[in-house]
There are 2 protein chains.
Amino acid sequence: MSKPPLPKLEDVARLAGVSTATVSRCLNQPNQVVEATRKRVQKAVDELGYMPNFNARSLAAKRSKIVGAVIPTMENAIFARALQVFQERLSEEDFDLLVASSSYKPDVEEKQIRSLVSRGVDGLLLIGTKRDPKIYEFLQEREIPFVIAWSFYDQLDASEYGQLVGFDNEKAMATIVQLVIDKGHQKVFMLAGIADNNDRAAARIAGFRSKMAEYNFKEAAVIECEYDIDKARKAFAGMRQSHGTPTALICANDVLAVGAVLEAQSQGLDVPGDISITGFDDIEIASIISPSLTTVHVPHGSLGLHSANTLLAKIHDEPSIKDMELDTYIVERQSLAAPKT
Amino acid sequence: MSKPPLPKLEDVARLAGVSTATVSRCLNQPNQVVEATRKRVQKAVDELGYMPNFNARSLAAKRSKIVGAVIPTMENAIFARALQVFQERLSEEDFDLLVASSSYKPDVEEKQIRSLVSRGVDGLLLIGTKRDPKIYEFLQEREIPFVIAWSFYDQLDASEYGQLVGFDNEKAMATIVQLVIDKGHQKVFMLAGIADNNDRAAARIAGFRSKMAEYNFKEAAVIECEYDIDKARKAFAGMRQSHGTPTALICANDVLAVGAVLEAQSQGLDVPGDISITGFDDIEIASIISPSLTTVHVPHGSLGLHSANTLLAKIHDEPSIKDMELDTYIVERQSLAAPKT
DNA sequence: GTCGTCAATGTAAGCGCTTACATTTGCTTT
DNA sequence: AAAGCAAATGTAAGCGCTTACATTGACGAC
């Protein structure tokens, strides 16, 4: 219950026989202080076990050394790896990470963004571009550096939307659809993510649709489904009932693909014998499930790393920061084959 | 480049024609303010788009509404779910989450704990009990409420170690070993986690060893291996070379088990025909891999939820907060069977 | 009508730092 | 040895809030 008041900067100053300003300088710009004093101060710091109060520092200096990240969920592998790398990179520069997860709800996300800004974050990591424009206005007004990860579109004006570090979801999806078509599939359906408020999910659907249109494939069913294995199983089952069974099913992500594979198998279908199924993301389970998933590899680690670097650059006001488009590529495994003839 | 100074509490006060204290009260203890003034203040807040500066608040009020969490990694499913639930629960009480991941390195963890404390976190979530005692002293001195998740031991003095919210790793492991023995296995090896600096990994090994000793099984090889599928594959391959092939392999976690299963299969072994393999944790892949894993179910969500509740209780200084032991149970799936006769 | 009480509000002193500006120190120049 | 100058240090004014304490005013008791 005894609360021995913690040493403050002033105590250190007194013990070291210098002014508070000098102590502060030792801590923040050590090179402005001559070695002798610096050592004396260091000794006082050690002796008292002094630790700076970051809130006071943030208040006085108007920078917090905290960056915020609002992600849809930390529960699944998609963002976990990127977030981990992001955090590690920031850590190197002594930034801490304030995370919030929005559960894909726009209103929750907005609240969290505002909260983080209130906390004085120096920068912000956001996922995807789709959100209420007034959030962007807000961020601009407050001059908060931010980067948007996971999405990339040529046509977007980057200066308006902070910096983009992502990949072209539409193009990537079109590429894998092309591959499926090249294998000879004609009846191709899609199990998609929920496109509402999610530009990545929407872009993947667009990629599918445009490629299908290119080949004049009609009636390519697209069913949207939440990010969940069991829901994917049900969605796939429902799809078979209402639209029949395609020879190939394109899934908007690996989790949906896993659900589809499991359901197909439990309904007696052979994958890829009776039906080919492709994923997107290339998370761990993609290579573990049997058959392993042919999928689009997304560079999760790079997304995290480059997001961090770009954000740091913006925070430090470095010139000529560019949007960054990362590459995806297809990983061919077992779940895609030519259709039975 | 125009930086219109953000409205501060004083501006709101002036516009509403009240004192700063009243505005502050409206924001923090609205019931102490009569409705008429409250409305007037609210109007001023809206009009100015005022947002409080949390750093100033934290400095003045000596509470930050931030809790910190230092976890070994956010990259894998083990902690992700718990962290997500933890965050959601805290969110309900308007706490934000400052996360750091230590990559299982004690020195990194210590640094991060100190950094979080410097940031004035109101509470701390730590994983496992094993760490330098001076960290506990430090936390006690600073009177930082903290809870330790994932571990639970009867014999530990809770008051010394903050609060425990976990399960008995040793007992849980002993239970699944018992099951394996009951199936008739006699040659049982273990693929363990790295026990150094990790009380959970150590406890799981202890559970294995004590149960094996109980049955007088000698030569039960225990190989430690990092948390990684590929490393597990190699470790399992190495184990076969040096110790031969057991009829059952107990793995300290599902990731190791998956690695072992994949390697076994690629070496032409049937699981569970030629070798039974068990996991621990019951993460998603456990039920997706083929054969699905018989494993110990760990209540990840509950760990997160109860950790949050316990921490909140400590922060609010509620009396009689107890350590909490959560239950685990075995999920029998396909990877465990009786040995060939 | 006066006083006491209590709820509502105001006053102002910090919270522990940073930093612009002022001052001192220790050199180099001449 | 005096002058001049840059580097090192000191002084003190905030940063935007909270809160202990003081003040005000409304109302009922006497």
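Chain A is the first sequence line, chain B the second, and so forth, proteins listed ahead of strands; every chain is numbered from 1.
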J.: Per the end-axis method with five pairs at each terminus, what is the bend angle of the helix from C:dG1-D:dC30 to C:dT30-D:dA1, to 10°?
T.: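 Roughly 40°, once rounded to the nearest ten degrees.
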J.: Closest to the B:A56 side chain: D:dC17, D:dT9, C:dG10?
T.: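 The answer is D:dC17, which lies nearest to the side chain.
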J.: Are A:Q84 and B:S101 close enough that a side-chain donor and a side-chain acceptor fall under 3.5 Å?
T.: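 The answer is yes; a qualifying pair exists.
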J.: Let's see if you can work this out: which of C:dC17, D:dC17, C:dT11 has an atom nearest to the side-chain heavy atoms of A:L9?
T.: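 Nucleotide nearest to A:L9's side chain: C:dC17.
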J.: Within this structure, what is the CD-CG distance for the pair B:E109 and B:N197, rounded to the nearest 0.5 Å?
T.: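 B:E109 CD to B:N197 CG: 9.0 Å, rounded to 0.5 Å.
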J.: Tell me, which of residues 41-54 of chain A have any heavy atom that sits under 4.0 Å from an atom in DNA chain C?
T.: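 Contacts with DNA chain C under 4.0 Å: A:Y50, A:M51, A:P52, A:N53.
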J.: Looking only at non-hydrogen atoms, find the nearest pair between A:R200 and A:P72 and report the distance.
T.: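 Heavy atoms of A:R200 and A:P72 come nearest at NH1-CG, 4.3 Å.
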J.: Let me know the distance between CD of B:Q32 and P of C:dA7, rounded to the nearest Å.
T.: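 Distance, rounded to whole Å: 10 Å.
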J.: Would you call A:R14 and A:D11 a salt bridge, using N to O less than 4.0 angstrom?
T.: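 Yes, charged N to carboxylate O under 4.0 Å.
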J.: When the distance from CZ of A:R38 to P of D:dA7 is rounded to whole Å, what number comes out?
T.: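 The distance from CZ of A:R38 to P of D:dA7 comes to 15 Å, rounded to the nearest Å.
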J.: By salt bridge (Lys or Arg N to Asp or Glu O under 4.0 Å), which residues pair with A:D199, not counting sequence neighbours?
T.: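 For A:D199, no residue satisfies salt bridge (Lys or Arg N to Asp or Glu O under 4.0 Å) once neighbours in sequence are set aside.
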J.: State whether B:K134 and B:E137 are salt-bridged, where the test is any N-O pair (Lys NZ or Arg NE/NH1/NH2 against Asp/Glu carboxylate O) under 4.0 Å.
T.: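 Looking at B:K134 and B:E137, the cut-off is not met.
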J.: In whole angstrom, what separates A:L59's CG from C:dG14's P?
T.: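 Distance check: A:L59 CG to C:dG14 P gives 17 Å.
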J.: Applying ring-ring contact (aromatic ring centres under 6.0 Å, His included), can you list everything that pairs with B:F79, at least two apart in sequence or on another chain?
T.: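 With neighbours one apart ignored, the set is B:W150.
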J.: Is B:R25 reaching over with its side chain to a backbone N or O of B:V33, donor-acceptor style, under 3.5 angstrom?
T.: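 Absent.
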J.: Pick out which of A:V67, A:L139, A:I148 makes a side-chain contact (heavy atoms from CB on, under 4.5 Å) with A:L124.
T.: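 The side-chain contact (heavy atoms from CB on, under 4.5 Å) with A:L124 is passed solely by A:L139 among A:V67, A:L139, A:I148.
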J.: Looking at A:L97, A:N309, A:V147, which one forms a side-chain contact (heavy atoms from CB on, under 4.5 Å) with A:F86?
T.: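 With A:F86 as partner, A:L97, A:N309, A:V147 yield a single side-chain contact (heavy atoms from CB on, under 4.5 Å), made by A:L97.
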J.: Would you kindly give the CG-to-P distance between B:N55 and C:dT18, to the nearest whole Å?
T.: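 Result: 13 Å.
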J.: To the nearest Å, give me how far apart CG (B:D11) and P (D:dG16) are.
T.: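 For the pair B:D11 CG and D:dG16 P, the rounded distance is 9 Å.
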J.: Could you tell me the separation between the CD atom of B:E35 and the C1' atom of C:dT9, rounded to a whole number of Å?
T.: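 Checked: the CD to C1' distance equals 17 Å.
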J.: Rounding to a whole Å, what distance do you find between A:K8:NZ and C:dC17:P?
T.: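 In whole Å, C:dC17 P lies 8 Å from A:K8 NZ.
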J.: Enumerate all atom pairs, one protein N or O and one N or O from nucleotides 19-21 of chain C, separated by less than 3.5 Å.
T.:
none

J.: Quick one: B:K62 NZ to D:dG16 C1', roughly how many Å, whole number?
T.: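 Checked: the NZ to C1' distance equals 15 Å.
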J.: Write out all pairs satisfying side-chain hydrogen bond (donor to acceptor under 3.5 Å, both in side chains) with one or both partners inside residues 45-61 of chain A, taking only residues at least two apart or from two chains.
T.: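 The answer is A:Q42-A:D46.
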